[in-house]
Amino acid sequence: MSDPNRTQLLGDQNKTQMGVGPNSDLNRTLMGTGPNLNLTQTVKPVQCPVCKTFNPAGVIYCVDCGLIFEKALDGDVFGAPAILLPMLVDENGREQPIRPGENTIGREGDISLIDSRVSRRHAQIENLDGTLTLQDLGSTNGTKVDGVPLAASETKELVGGEKISFGGLELLLQMPSQAGTAKTQAVPSNKTAAMTTPPRTSTAPALLIGSEGNFNLKSGVNSFGRKSENDIQISDPYVSGKHGLIEVGEDGIFLTDIGSTNGTLLNDAKLVPNMRTKISETDIIRLGSLEFHVEPTADVAQ
């Protein structure tokens with residue numbers, strides 16, 4: 001018979017045991033590692049390669065400029081120079097990037113062309129390792145390359161410089177090597193690329209003031225954008241070749257976005273393209289990470 005006062009090696013309910021299954025006494029200590037809700041996890045923010053805004057992890061597009069991360073190119077976006085893409089450029093200088101893979105073009109395409117002559121899914125450009133091919137998708141008004149219509153199911157290789165007509169709406173295909181002054185350069189500091197147009201010394205009725213310097217605004221219309229033919233050139237990958245207009249007149253100063261790719265913010269509100277908006281010297285104009293304000297120097301109505 002067992003001695004009830006004797007400690008037994010087996011059957012002791014208070015003894016810690018190894019490898020006990022889930023149906024054992026819940027009061028026993030179990031060996032093993034369970035999930036720990038207090039475990040600290042590191043989540044890295046996502047930095048936009050265009051406007052440099054840090055976004056919460058998991059978002060598919062930049063909360064600032066709207067760049068779609070799912071279609072962003074691989075590479076080190078932390079301090080790396082922006083990657084140039086082929087562009088479709090309209091007569092107003094608005095640029096539409098052609099991203100790697102298939103790009104549908106139309107009123108409801110990846111490249112949106114809002115024109116009644118353009119079909120909802122008009123054509124397709126495929127970008128494979130920098131080689132571009134164009135195909136009409138059975139559009140109503142057809143597609144032409146340098147005036148030559150594309151036949152049904154015909155695939156046309158593009159080299160850059162072609163004028164492509166989508167139902168009569170004509171755009172120029174510009175390759176990165178043809179961008180000229182739009183070429184992106186690496187910047188050795190953390191500052192966004194500097195403006196390349198030096199301040200003018202003549203008396204001006206107003207100044208465009210930013211972190212990179214002051215720029216004279218003449219009476220009448222002043223164009224600004226990334227290309228050198230603008231009155232004010234802004235060498236920043238976020239800025240379109242022809243981005244917008246600042247008009248200085250006796251009745252005030254007006255700002256217009258002329259359909260730029262990434263838009264113009266006025267006091268953190270995005271301007272409607274091609275809408276002339278009166279501004280004052282307290283208003284903040286933002287293009288990507290660059291901020292400006294306009295200060296009158298003469299008798300300009302506010």
Side-chain angles (χ1 to χ4, degrees), residues 50-51 61-62 64-68 87-98 105-120 122 141 163-174 179 181-182 195 197 205-206 208 210 215 217-234 236-288 290-294 300-302:
V50 174
C51 67
Y61 59 88
C62 178
D64 192 347
C65 71
L67 177 71
I68 301 175
M87 296 282 183
L88 286 173
V89 186
D90 66 16
E91 60 181 5
N92 294 319
R94 181 176 181 181
E95 299 170 326
Q96 298 273 16
I98 302 173
I105 303 168
R107 298 203 312 272
E108 297 179 358
D110 301 314
I111 297 176
S112 179
L113 301 179
I114 308 302
D115 190 287
S116 60
R117 296 168 293 178
V118 179
S119 299
R120 288 184 174 85
H122 194 104
N141 296 315
K163 292 183 179 180
I164 306 175
S165 171
F166 300 98
L169 178 63
E170 193 171 86
L171 292 91
L172 175 68
L173 175 62
Q174 187 179 76
T181 58
M195 295 182 178
T197 303
L208 178 65
F215 299 85
L217 296 173
K218 65 185 178 183
S219 295
V221 177
N222 300 261
S223 64
F224 64 90
R226 202 176 63 244
K227 293 185 176 180
S228 59
E229 59 260 33
N230 291 286
D231 296 306
I232 297 175
Q233 184 185 8
I234 305 175
D236 187 282
Y238 183 88
V239 178
S240 295
K242 294 182 179 179
H243 197 102
L245 305 172
I246 298 176
E247 184 178 351
V248 180
E250 294 181 357
D251 56 343
I253 301 176
F254 297 85
L255 173 66
T256 305
D257 182 286
I258 58 174
S260 65
T261 301
N262 295 306
T264 303
L265 296 181
L266 181 65
N267 299 327
D268 294 326
K270 191 171 184 178
L271 291 180
V272 176
N274 300 311
M275 179 175 289
R276 187 168 175 260
T277 304
K278 189 173 184 178
I279 60 176
S280 69
E281 59 184 307
T282 60
D283 291 328
I284 300 299
I285 303 167
R286 192 147 74 95
L287 309 174
L290 298 176
E291 289 189 354
F292 308 91
H293 72 275
V294 174
V300 178
Q302 293 294 299

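These numbers come from the heavy atoms of this one structure, side chains and all, not from hydrogens, waters or symmetry mates.
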With a 4.5 Å heavy-atom cut-off, do [X] and [Y] have their side chains touching?
| X | Y | value |
| --- | --- | --- |
| E229 | K242 | yes |
| T264 | T256 | no |
| L88 | L173 | yes |

| Got a sec, which residues hit side-chain contact (heavy atoms from CB on, under 4.5 Å) with R117, two or more places apart in sequence or on another chain? |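 R117: side-chain contact (heavy atoms from CB on, under 4.5 Å) contacts with D115, N141, L169.
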| remark: Across all chains, not counting sequence neighbours, the side-chain contact (heavy atoms from CB on, under 4.5 Å) partners of V221 are L245, E247
Taking all heavy atoms of [X] and all of [Y], pick out the closest pair and write down the distance.
| X | Y | result |
| --- | --- | --- |
| L287 | G263 | CD2-O, 4.4 Å |
| L271 | L266 | CD2-CB, 3.9 Å |
| A206 | V248 | CB-CG2, 4.3 Å |
| E95 | G241 | OE1-N, 3.6 Å |

Gap between atom [atom2] of [Y] and atom [atom1] of [X] - 0.5 Å precision:
| X | Y | atom1 | atom2 | value |
| --- | --- | --- | --- | --- |
| I253 | H293 | CD1 | NE2 | 10.5 Å |
| I279 | I285 | CD1 | CD1 | 4.0 Å |
| F224 | F215 | CZ | CZ | 13.0 Å |
| R94 | L113 | CZ | CG | 9.0 Å |
| K270 | N262 | NZ | CG | 7.5 Å |
| F166 | I105 | CZ | CD1 | 4.0 Å |

Which residues share a side chain to side chain donor-acceptor pair (under 3.5 Å) with [X], sequence neighbours left out:
| X | value |
| --- | --- |
| S116 | none |
| D268 | none |
| E108 | R120 |
| S260 | H243, D257 |

